[in-house]
There are 2 protein chains.
Amino acid sequence: MDKVALGNVQNCPVTATMQVIGGKWKILILYLIFNDINRFGKMGMMLKDISKQMLTSQLRELENDGIIERRIYPEIPPRVEYFLTAKGRSLEPVISQMRDWGNEHLFNIQSDVATGR
Amino acid sequence: MDKVALGNVQNCPVTATMQVIGGKWKILILYLIFNDINRFGKMGMMLKDISKQMLTSQLRELENDGIIERRIYPEIPPRVEYFLTAKGRSLEPVISQMRDWGNEHLFNIQSDVATGR
DNA sequence: AATAATAGTATGATTTTAAAGACTAGATCA
DNA sequence: TGATCTAGTCTTTAAAATCATACTATTATT
């Protein structure tokens, strides 16, 4: 099968966005941070079935992509907190659209366009 | 580490949406179908580095999720074409948001809100 | 002196994903 | 007669993702 690139990963902005937020746990992690659950241990407790190293790697990727910020406090035992960056907060309309579509087409919950709920 | 479910995959509409469009090639496949490239062979040629069985599995998942429709023509050699369903077309605003965010934050291309370009 | 606390890392094993290549049907073309 | 076409499937095989478990540092507490 001869291959010809036309729509490919490198020049598709949607696919590029997917790479940033599409990780197995990233949406849920962003949800937790959005709800002020921003410590490693707490996140691990909230996310059923995630392993420490998986949590670490997802957090690192979000950090490397500039979506979240990692703040280390010089304390013992160590304290680290994660926060959304401006870029991370800019994902809000993207995630809202996905939420609305999911509610409407997967959970059959209609959203009120006026309120966004 | 004790686990407590709070935000989990089953009740998160965003994660649910991700499961539908988040497959490795799904966005690109939808893009092709949107651009009237709707035969298996053509898609395979356009998507560099995709294998036949990967293409098949992605198409099957999209079909099972009601996003695309598979139409078989009783011809020899066989002809099969894929089309977006109404549900598939309803993804348009979701994908547009992702495209805009990607262009703005990953490719540094500003989008004109008025025209959507 | 041992234990607990946090936010991880290191190691090795296992599971999952994905690829390559061979194979199929049935009509048509050379 | 044998090759060609399409849209796949099937069977290995290799690679990537993920897990469980043990381990680290340093201070405070018991």
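Within every chain, numbering begins at 1; the chains are lettered A, B, ... in the order of the sequence lines, protein sequences first and strands thereafter. Just so you know, these numbers use all the heavy atoms, side chains as well, and skip hydrogens, waters and symmetry mates.
- You'll find that the side chain of K52(A) is closest to dT9(C), out of dA7(D), dA19(C), dT9(C).
- Between R60(A) and dG8(C) there is a side-chain N or O to OP1 or OP2 distance below 4.0 Å.
- In the set dA18(C), dT11(D), dA7(D), dA18(C) carries the atom at the smallest distance from any side-chain atom of M54(B).
- If you measure from atom CD of E61(B) to atom C1' of dA18(C), you get 13 Å, rounded to the nearest angstrom.
- Heavy-atom minimum distance, M18(A) versus G22(B): CE-CA, 3.7 Å.
- Computed from coordinates, the L59(A) CG to dT18(D) P distance equals 14 Å when rounded to whole Å.
- Rounded to an integer number of Å, the gap from CD of E81(B) to P of dG8(D) is 12 Å.
- A straight line from CG of D49(A) to C1' of dA17(D) spans 16 Å, rounded to a whole angstrom.
- Rounded to whole angstrom, the span from the CE atom of M43(A) across to the C1' atom of dG8(C) amounts to 14 Å.
- In terms of position along DNA chain C, the nucleotide closest to V80(A) lies nearer the 5' end than the nucleotide closest to the other residue of the pair V80(A) and I76(B).
- In this structure, P78(A) and Q58(A) both approach DNA chain D, and ranking their closest nucleotides by distance from the 5' end singles out Q58(A).
- Atom C1' of nucleotide dA19(C) and atom CD1 of I50(B) are separated by 12 Å, given to the nearest angstrom.
- A donor-acceptor distance shorter than 3.5 angstrom exists from the side chain of T17(B) to the backbone of M98(A), with no hydrogens or angles considered.
- Checked by atom type and distance alone, the side chain of Q58(B) pairs as donor or acceptor with a backbone atom of W25(B) at under 3.5 Å.
- A side-chain N or O of S96(B) and one of E92(B) form a donor-acceptor pair less than 3.5 Å apart.
- Ranking dG8(C), dA7(C), dA10(C) by closeness to the Q53(A) side chain, first place goes to dA10(C).
- Contact annotation: R79(B) does not reach the phosphate of dA7(D) (side-chain N/O to OP1 or OP2, under 4.0 Å).
- Within the structure, a side-chain polar atom (N or O) of R70(A) is placed less than 4.0 Å from OP1 or OP2 of dG8(C).
- Rounded to an integer number of Å, the gap from I68(A) CD1 to dA7(C) C1' is 14 Å.
- In terms of phosphate contacts, Y82(B) brings a side-chain nitrogen or oxygen within less than 4.0 Å of OP1 or OP2 of dG8(D).
- Of the listed nucleotides (dA27(C), dG8(D), dC5(D)), dC5(D) has the atom at the smallest distance from the side chain of P77(B).
- No cation-pi contact links R71(B) to Y82(B), judged by a cut-off of 6.0 Å to the six-membered ring centre and 45° from its axis.
- We find that CZ of R39(A) is positioned 13 Å from C1' of dG8(C), with the value rounded to whole Å.
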